[in-house]
Amino acid sequence: MDEMIFYSTNLSAPEVSFEDALLRGIAPDKGLYMPRSMPHIEIDEIAGMKGMSYAQVAFAILEKVLCPGVDSGSLRRICEEAYDYEVPVERVSDADYVMRLDRGPTASFKDFAARLMARLVQYFTGKQKREIVILTATSGDTGSAVAQAFFGLENIRVVVLFPEDEVSDRQRKQMTTLGGNVTCVAVSGTFDDCQAMVKEAFADGGLSGLNLSSANSINIGRLIPQMVYYFYGYSRAADDGEEVVFSVPSGNFGDIMGGLLAREMGLPVARFIAAVNENDEFVRFVDSGSYSKIVPSKNCVSNAMNVGHPSNLSRLVALYGGQMDENGRILKMARMDDIRGDIFAVSVSDDETRDTIKRVYDEFGVVLEPHGAVGWRGVEMFREGFGNKGKVVCIETAHPAKFPHEVIEATGVDVEVPLSISRVEGKKEIVDALGVDYLGFREYLLNRFL
Ligand SMILES: *Cc1c(COP(=O)(O)O)cnc(C)c1O
């Protein structure tokens with residue numbers, strides 16, 4: 001096997017190995033790293049996954065992508081350590097399945113990527129004997145998944161910036177109660193302010209001594225692990241060779257990019273449903289072929305998907321032969337008809353989201369939270385539009401207990417809080433506070449981490 005090669009979506013940076021792409025986060029021309037090509041997997045091998053555990057499926061897929069850059073014994077161990085929790089695939093009705101990616105330590109699907117990525121970063125920094133600082137801006141779920149995943153790892157320090165008023169209590173405590181190598185900074189501004197400060201730090205040559213890297217989904221190390229659950233879900237729901245539909249509640253489009261890459265490898269997918277909330281810039285792009293971001297993004301109940309300009313769109317456009325720069329400008333048009341054939345894009349309002357939580361509970365006794373409900377409503381609209389009766393796997397990206405208010409309101413069910421959430425409740429929080437001021441942030445980083 002040859003090692004995989006990654007190029008930058010801005011096409012003005014050298015190609016790199018996975019190791020370099022992972023540790024850099026973003027390419028020097030501000031583009032995102034994309035695989036030049038994907039290895040192929042035979043349908044027989046996919047059929048063989050029916051009896052495998054999640055960790056075994058992860059190893060089977062990732063071995064093709066990451067070895068020999070990562071030695072295969074280490075990769076097997078990394079997969080076993082990262083995936084020591086359940087991944088339920090529930091059959092809801094004849095052809096409808098819900099895959100729950102909410103049983104990890106922070107009860108969101110982001111644990112799947114963060115836990116593998118953290119161990120890969122440690123593997124490579126250990127080999128290179130160097131220290132790095134992972135810098136991440138979060139609106140809630142990314143920061144907690146990343147902080148939990150990197151907590152206690154050697155040679156890696158983590159700095160999470162979050163908007164002090166936009167993160168829920170539970171999300172905040174998942175990060176701020178850790179301590180050790182995890183530093184949390186409450187910024188008196190919005191998520192966009194945090195994101196801007198982080199971006200400026202990455203572009204700041206004066207900080208190169210810190211070895212900054214990113215754990216946001218601009219990092220290809222976040223996407224590669226997200227291919228795995230599409231194979232896993234397929235193995236649990238599909239008969240051999242059958243094509244299935246995946247419905248993906250989407251914000252920054254990292255989740256669905258994992259699916260698209262899995263399909264590149266040979267997973268039989270009939271179509272992806274990209275279900276977004278009222279931030280519908282992608283739906284309008286697919287309909288019209290022209291793109292404009294939504295500024296500021298709309299505040300919807302599925303709050304982890306309040307994204308007005310998905311950072312992974314430049315990767316999606318690249319996959320279909322086009323080019324989009326980091327500001328959302330299209331330099332070369334993608335094959336839009338192919339995108340339309342592969343992806344059904346749909347926007348779901350907050351009212352429909354709440355209504356869906358209620359209906360799915362009344363009809364099937366299944367509890368969804370707002371993000372999963374957006375995905376489910378996407379399936380209904382897809383079936384109405386296409387008369388499709390094939391199997392659908394709907395991805396549930398968070399645990400209902402993370403959204404107690406919305407869930408009780410719609411269903412009357414007071415969902416039991418998983419241990420992952422309850423165990424941080426009474427713990428002491430350690431947080432630094434900063435204003436929206438890049439120079440102040442820069443000083444802080446240099447003083448604390450150089
Ligand atoms: C991050 C997140 C999403 C959106 O995933 P993307 O990869 O950004 O499209 C959906 N649901 C939940 C609960 C999330 O935390």
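Both counts, for ligands and for their atoms, begin at 1 and track the order of listing.
Here the options are Gln174, Lys402, His371, the test is side chain to side chain donor-acceptor pair (under 3.5 Å), and the partner is Asp141; only Lys402 passes. Each of Tyr229, Tyr232, Tyr54 was evaluated against Tyr83; a single residue qualifies, Tyr54, per the ring pair (Phe, Tyr, Trp, His ring centres under 6.0 Å) test.
Under the 3.5 Å distance criterion, the side-chain polar atoms of Lys30 are left unmatched by any main-chain donor or acceptor of Glu326. Between the side chain of Asn306 and the main chain of Asn299, no donor-acceptor pair closer than 3.5 Å is present.
Nearest to atom 7 (O) of ligand 1 by heavy atom, out of Val374, Ile395, Asp255, Asn277, is Asp255.
Side-chain rings of Phe382 and Phe272 stay apart, their centers remaining 6.0 Å or farther from each other.
Nearest protein heavy-atom contact of atom 4 (C) of ligand 1 is Gly251 N, 3.6 Å. The nearest protein atom to atom 12 (C) of ligand 1, hydrogens excluded, is given as Thr397 OG1, 3.3 Å; this is a heavy-atom distance. Closest protein heavy atom to atom 14 (C) of ligand 1: Lys110 NZ, 2.8 Å. Regarding atom 5 (O) of ligand 1, its nearest protein heavy-atom neighbour is Phe109 CZ, 3.4 Å.
Set against the non-hydrogen atoms of Ser250, the atoms of ligand 1 under 4.0 Å away are 9 (O). Below 4.0 Å from some heavy atom of Phe253 lie the following atoms of ligand 1, by number and element: 6 (P), 8 (O), 9 (O). Atoms of ligand 1 lying under 4.0 Å from any heavy atom of Met305, numbered from 1 in the order shown and given with element: 10 (C). Close approach to Ala398 involves these atoms of ligand 1, each under 4.0 Å from a residue heavy atom: 13 (C). Of all atoms in ligand 1, numbered sequentially from 1 with element shown, those under 4.0 Å from a heavy atom of Asp141 are 13 (C), 14 (C), 15 (O).
Looking at Gly254 next to ligand 1, an N or O pair under 3.5 Å apart turns up. Polar contact with ligand 1: present for Asn252 (N/O pair, distance under 3.5 Å).
Residue contacts with ligand 1 do not include Ser217, since none of its heavy atoms lies under 4.0 Å from the ligand.
Cation-pi check for Arg36 over Tyr7 is met; the charged atom lies under 6.0 angstrom from the ring centroid and within 45 degrees of its normal.
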### Task
With side chain to side chain donor-acceptor pair (under 3.5 Å) as the test, would you mind laying out the steps for Tyr230 and Asp255 before giving the verdict?
CA-CA 10 Å; Tyr230 290 89; Asp255 194 348; 2.9 Å; yes

### Task
Could you give me the CA-CA distance, side-chain angles and deciding distance for Glu409 and Lys358, then say whether salt bridge (charged side-chain N to carboxylate O under 4.0 Å, His left out) is met?
CA-CA 9 Å; Glu409 192 97 321; Lys358 176 171 168 34; over 6 Å; no

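In this structure, Phe18 and Phe6 have tilted ring planes: the angle between them lies in the 30° to 60° band.
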